[in-house]
Asks: 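One structure, pasted below without further comment.
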Amino acid sequence: MTTETLLELIDLHPRVADLKADCLAGLRSTPKTLPSMFLYDKKGSELFDTITTLPEYYPTRTEMSILQEQSDSIAESVGSGALVIEIGSGSSTKTETLLSALDEPAGYIPVDISKQHLLEAAQRISDDYPDLPVQPVCADYMTKWELPEWEREVCQRVAFFPGSTIGNMYPHEARALLNNIARLLGPGGQLLIGIDLRKDPAIIVPAYDDAQGVTKAFTLNLLKRLNREAHANFDPDAFDFTVLWNDEESRIEIGVTSRHDQTLTFAGELITLAKGEMIRTECSYKYTPQHFARLANSWRPKAAWSDPQSLYSFQDLEVSPT
């Protein structure tokens with residue numbers, strides 16, 4: 001029996017990303033960029049899974065330790081009868097820690113753009129929690145979409161957005177998403193969100209420039225993917241892997257830097273790069289609590305938890321009254 005016959009999928013038909021058009025737009029811009037979503041082909045996803053286990057990469061293990069050690073306190077803040085909506089659920093690896101802690105959750109709605117990945121993860125949760133209604137929704141959570149109607153009584157709607165994913169968005173994108181989540185949940189809605197805190201760059205930079213070179217391979221894999229799928233002719237050896245801390249913007253910037261003047265072909269168009277010119281593939285913002293509070297102005301803080309070193313914050317926010 002296939003997963004499709006076990007769980008009903010609500011398919012909102014998200015826009016299929018146009019790799020050639022989206023990347024070409026970034027390469028025409030100043031500074032040059034490539035959308036970070038395209039880092040995650042099969043090989044890229046495998047490399048990222050490895051990154052999360054590296055000794056330098058603190059975010060994943062720190063957030064998981066907070067979820068595990070503070071599970072009772074988080075459950076008390078959320079309350080009983082919560083309908084959990086996971087934004088960008090992916091493989092739902094942290095979901096079971098939350099669901100196991102909550103008191104009589106009313107259901108689980110994973111939301112993701114990758115249909116098959118979504119169904120597989122949702123089916124696993126459904127198998128592990130046979131009394132819990134599970135309703136996967138295939139949608140691009142960066143766009144406006146609606147929650148499905150729910151038959152079981154719901155005391156509150158709770159969005160779950162772990163992984164400090166909010167930091168990979170430019171501020172205007174992050175604010176728009178936070179506003180849309182508040183709209184979806186309505187009065188009384190809550191948001192459990194992971195936030196990577198601003199700290200000494202000596203801790204941050206190695207998390208993205210690891211000694212084993214896995215993040216370098218993850219980034220250069222994008223160039224190899226574009227060669228295969230967009231008729232590009234990137235020479236990975238003609239670029240240096242680059243990780244920069246931008247103190248003014250409070251963000252890590254990751255990309256590749258041209259070792260010399262060069263002209264490459266992408267989707268039939270010539271792209272000129274000067275020596276030392278960077279193509280940015282990813283940003284990761286690090287927030288102070290005050291900075292994040294200004295960004296999340298459609299929410300008010302309810303509770304917050306951190307690790308002993310104050311590397312990371314996991315917060316429970318509630319929709320601000322209008």
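Below, each value reflects all heavy atoms present in this structure, side chains not excepted, and no hydrogens, waters or symmetry copies.
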Asks: If only atom types and distance count, is the side chain of Glu63 paired as donor or acceptor with the main-chain N or O of Gly163 below 3.5 Å?
Replies: yes

Asks: Tell me if the NZ atom of Lys144 is crowded by more than 12 foreign heavy atoms within 6.0 Å.
Replies: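 12 or below, so no.
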
Asks: To the nearest 0.5 Å, how far apart are CG in Leu54 and OG1 in Thr215?
Replies: 6.5 Å

Asks: Is the count of non-hydrogen atoms from other residues, nucleotides or ligands lying under 6.0 Å from Lys199 atom NZ greater than 12?
Replies: yes

Asks: Check whether any side-chain heavy atom of Glu269 sits under 4.5 Å from a side-chain heavy atom of Arg28, and report yes or no.
Replies: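 Yes, their side chains come closer than 4.5 Å.
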
Asks: Does one side chain, of Asn221 or Asp41, offer a donor that lies under 3.5 Å from an acceptor on the other?
Replies: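 Yes, side-chain donor-acceptor contact under 3.5 Å.
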
Asks: Quick check: does any side chain N or O of Ser310 sit under 3.5 Å from a backbone N or O of Ser306, one acting as donor and the other as acceptor?
Replies: no

Asks: Working to the nearest 0.5 angstrom, can you tell me the gap between Leu273 CG and Asp261 CG?
Replies: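 If I round to the nearest 0.5 Å, the distance is 9.0 Å.
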
Asks: Could you report the tightest heavy-atom contact between Ala106 and Gly81, atom names first, then the distance?
Replies: CB-O, 3.7 Å

Asks: Are side-chain heavy atoms of Ile74 and Gln70 found at a separation under 4.5 Å?
Replies: yes

Asks: Ring centroids only, cut at 6.0 angstrom: are Tyr40 and Phe218 within range, meaning strictly under it?
Replies: yes

Asks: Work out which heavy atom in Glu282 is nearest to a heavy atom in Asn168; give both atom names and the distance.
Replies: OE2-ND2, 3.9 Å

Asks: Rounded at 0.5 Å granularity, tell me how far CD1 in Ile279 sits from OG1 in Thr257.
Replies: 8.5 Å

Asks: Taking all non-hydrogen atoms of both residues into account, name the closest pair between Cys23 and Phe266 and its distance.
Replies: CB-CZ, 3.4 Å

Asks: Quick one, Gln315 with Phe292, criterion side-chain contact (heavy atoms from CB on, under 4.5 Å). Give me CA distance, side-chain angles, the key distance, then yes/no.
Replies: CA-CA 11 Å; Gln315 300 189 11; Phe292 184 74; 4.0 Å; yes

Asks: Please examine the side chains of Thr60 and Met64, heavy atoms only from C-beta on, and report whether any two atoms are closer than 4.5 Å.
Replies: no

Asks: Has Asp18 got a side-chain atom pairing as donor or acceptor with Asp22's backbone, closer than 3.5 angstrom?
Replies: no

Asks: Is the backbone N or O of Lys32 less than 3.5 Å from a side-chain atom of Arg280, with the two atoms forming a donor-acceptor pair by type?
Replies: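 Here the side-chain-to-backbone pair does not exist.
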
Asks: With a 4.5 Å heavy-atom cut-off, do Ile85 and Arg157 have their side chains touching?
Replies: yes

Asks: Honestly curious: do Ile113 and Leu147 fall in one hydrophobic cluster under the side-chain, below-4.5 Å linking rule?
Replies: no

Asks: Apply salt bridge (charged side-chain N to carboxylate O under 4.0 Å, His left out) to Glu173 and list each qualifying residue two or more places apart in sequence or on a separate chain.
Replies: none

Asks: Do Lys224 and Lys43 have side chains that approach each other closer than 4.5 Å (heavy atoms only, starting at C-beta)?
Replies: no

Asks: Can Thr288 and Arg198 be counted as having a side-chain donor-acceptor contact under 3.5 angstrom?
Replies: no

Asks: With clusters defined by side-chain heavy atoms of hydrophobic residues (ILVMFWY) lying less than 4.5 Å apart, directly or transitively, does Leu191 cluster with Tyr141?
Replies: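 Yes.
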
Asks: Using the ring of each side chain (for Trp, its six-membered ring), is His172 parallel, tilted or perpendicular to Tyr170, with breaks at 30° and 60°?
Replies: parallel

Asks: What's the verdict on side-chain contact (heavy atoms from CB on, under 4.5 Å) for Arg225 and Phe38, showing C-alpha distance, side-chain angles and the deciding distance?
Replies: CA-CA 9 Å; Arg225 178 184 184 184; Phe38 296 120; 3.8 Å; yes

Asks: So which heavy atom on Pro162 is nearest to which on Lys94, and how close?
Replies: CB-CD, 4.0 Å

Asks: After noting the C-alpha distance and the side-chain angles of Ser100 and Glu96, does the key distance pass the side-chain hydrogen bond (donor to acceptor under 3.5 Å, both in side chains) rule?
Replies: CA-CA 6 Å; Ser100 295; Glu96 296 199 30; 5.5 Å; no

Asks: Judged by atom type as modelled, is there a donor-acceptor pair below 3.5 Å linking the side chain of Asn227 to the main-chain atoms of Phe234?
Replies: yes

Asks: Which heavy atom of Leu118 sits nearest a heavy atom of Pro136, and at what distance?
Replies: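 Reported closest heavy-atom pair: CG-CB, 3.9 Å.
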
Asks: Can you tell me if Thr97 and Gln68 form a side-chain donor-acceptor pair at under 3.5 Å?
Replies: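 On atom types as modelled, these side chains do not qualify, holding no pair under 3.5 Å.
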
Asks: Check Ser92 against Arg124 and note the closest heavy-atom contact, atom names and distance.
Replies: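 In this case the closest contact between Ser92 and Arg124 is O-NH2, 2.9 Å.
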
Asks: Determine, using the 4.5 Å side-chain heavy-atom cutoff (strictly less than), whether Val256 and Val205 are members of one ILVMFWY cluster.
Replies: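 Yes.
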
Asks: Using side-chain contact (heavy atoms from CB on, under 4.5 Å), reason through Leu102 and Leu98 one step at a time and then give a plain yes or no.
Replies: CA-CA 6 Å; Leu102 293 179; Leu98 176 65; 4.0 Å; yes

Asks: If hydrophobic clusters are built by linking Ile, Leu, Val, Met, Phe, Trp and Tyr wherever their side-chain heavy atoms come under 4.5 Å apart, do Leu83 and Val78 end up in the same one?
Replies: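 Hydrophobic grouping puts Leu83 apart from Val78.
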
Asks: With sequence neighbours excluded, tell me which residues meet side-chain hydrogen bond (donor to acceptor under 3.5 Å, both in side chains) with Glu249.
Replies: none

Asks: Can a salt bridge be assigned to the pair Arg183 and Glu146 using a cut-off of 4.0 Å between side-chain N and carboxylate O?
Replies: yes

Asks: Strictly by modelled atom types, are Asp196 and Tyr58 linked by a side-chain donor-acceptor pair under 3.5 Å?
Replies: yes

Asks: Give a yes-or-no answer on whether the side chains of Asn297 and Trp299 include a donor-acceptor pair shorter than 3.5 Å.
Replies: no

Asks: Decide whether Ile204 and Phe48 are clustered together by the hydrophobic rule: side chain heavy atoms of Ile, Leu, Val, Met, Phe, Trp, Tyr closer than 4.5 Å, transitively.
Replies: yes

Asks: Do the side chains of Tyr57 and Pro206 get nearer than 4.5 Å, heavy atoms only?
Replies: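 Pro206 does not reach Tyr57 side chain to side chain.
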
Asks: For the residue pair Ser258 and Gln262, confirm or rule out a side-chain donor-acceptor distance under 3.5 Å.
Replies: yes

Asks: Before you tell me yes or no, could you show the steps for Ser298 and Val319 under side-chain contact (heavy atoms from CB on, under 4.5 Å), namely the whole-Å CA-CA distance, both residues' side-chain angles and the distance that decides it to 0.1 Å?
Replies: CA-CA 6 Å; Ser298 53; Val319 177; over 6 Å; no

Asks: Any donor-acceptor pair under 3.5 Å linking the side-chain atoms of Lys286 with those of Ser284?
Replies: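 Distance-only check passes for Ser284 and Lys286.
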
Asks: Answer yes or no: does atom CD of Glu76 have more than 12 heavy-atom neighbours from other residues, nucleotides or ligands under 6.0 Å?
Replies: no

Asks: According to side-chain hydrogen bond (donor to acceptor under 3.5 Å, both in side chains), who are the partners of Thr52, at least two apart in sequence or on a separate chain?
Replies: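 Per chain and number, Thr52 pairs via side-chain hydrogen bond (donor to acceptor under 3.5 Å, both in side chains) with no residue.
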
Asks: Taking C-beta and beyond as the side chain, do Asp140 and Leu12 meet within less than 4.5 Å on heavy atoms?
Replies: no

Asks: Main chain of Gln156, side chain of Gln190: is a donor-acceptor contact present, judged purely on distance under 3.5 Å?
Replies: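 The answer is no, because no donor-acceptor pair under 3.5 Å joins these two groups.
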
Asks: Is a donor on one side and an acceptor on the other found under 3.5 Å between the side chain of Asp307 and the backbone of Thr62?
Replies: no

Asks: For the atom pair OG1 (Thr281) and CD1 (Ile254), what is the distance rounded to the nearest 0.5 Å?
Replies: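 Here the interatomic distance stands at 6.0 Å.
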
Asks: Can a donor-acceptor pair be found, under 3.5 Å and without considering hydrogens, that links the side chain of Tyr285 to the backbone of Ile252?
Replies: no

Asks: Say you draw a straight line from CG of Leu19 to CD of Glu229; how long is it, rounded to the nearest 0.5 Å?
Replies: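 So the CG of Leu19 and the CD of Glu229 are separated by 5.5 Å.
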
Asks: Any donor-acceptor pair under 3.5 Å linking the side-chain atoms of Trp305 with those of Ser313?
Replies: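 Side chains of Ser313 and Trp305: no pair found under 3.5 Å.
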
Asks: Checking Asp316 against Ser77: is there a side-chain donor and acceptor pair closer than 3.5 Å?
Replies: yes

Asks: With a 4.5 Å limit on heavy-atom distance, are the side chains of Thr95 and Phe160 in contact?
Replies: yes

Asks: Once rounded to the nearest 0.5 Å, what's the spacing between atom CD of Glu253 and atom CG of Asn246?
Replies: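 The CG atom of Asn246 is 4.5 Å from CD of Glu253, to the nearest 0.5 Å.
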
